[in-house]
Amino acid sequence: MVKVYLSLGSNLGDRRQHIRRAVELLDERAGRVVGCSSLIETEPWGFESANRFLNAAVAIETTLAPLDLLLLTQEIERELGRTNKSVDGAYHDRTIDIDILLYGHERISDPRLVVPHPRLLERDFVVKPLTELMGLTAEELAQLLA
């Protein structure tokens, strides 16, 4: 088992329900959800939209390999109505976004997946829920990732 931290975000439709359902599906298919942060509401990051986001972080214990987990999170996103994947910094409104932030203590550099998430520390909507969930300060998180 490895402990994995994920970021969840939604800015379309019933945002709270999309996040709730994503957590349920992760618990059913990826492994056991062992923690979930509070929800926070944030402005879109990297693009303009009138739709605010709800964001959270979850911790799961899984036996899935990193790329298998990535495929599963993408499957869940599609199942919950996500049609556009962000590519090369072109972000869009979405029913759900699931990002792998940390996969145990591993560092992964693959064209399909980079862990720790490369822009993790740039995004308050990721840092705040993740530090709450991990019981760390932002500075302690930055040191952990250094």
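Nearest heavy atoms, A59 versus Y5: CB-CE2, 3.6 Å. Residues I100 and H117 share a closest heavy-atom pair of O-CB, 3.8 Å. Taking all atoms of both residues into account, the shortest heavy-atom contact from G9 to N55 is CA-ND2, 3.6 Å.
The backbone N or O of S38 sits less than 3.5 Å from a side-chain atom of E132, completing a donor-acceptor pair. Not a single donor-acceptor pair under 3.5 Å links the side chain of E61 to the backbone N or O of V33.
Under the 4.5 Å side-chain contact rule for hydrophobic residues, I60 and I108 share a cluster. L71 is not connected to L67 by any chain of hydrophobic side-chain contacts under 4.5 Å among Ile, Leu, Val, Met, Phe, Trp and Tyr, and they are in different clusters.
In summary, E79 and R29 engage in a salt bridge, as defined by a charged side-chain N under 4.0 Å from a carboxylate O.
No side-chain heavy atom of T137 sits under 4.5 Å from any side-chain heavy atom of T131.
With S10 as the partner, the side-chain contact (heavy atoms from CB on, under 4.5 Å) test is satisfied by one option alone out of R15, R21, R94: R15.
In this structure, the side chain to side chain donor-acceptor pair (under 3.5 Å) partners of R20, at least two apart in sequence or on a different chain, are Q17.
For R52, the CZ atom is densely surrounded, since the number of other residues' heavy atoms within 6.0 Å is greater than 12.
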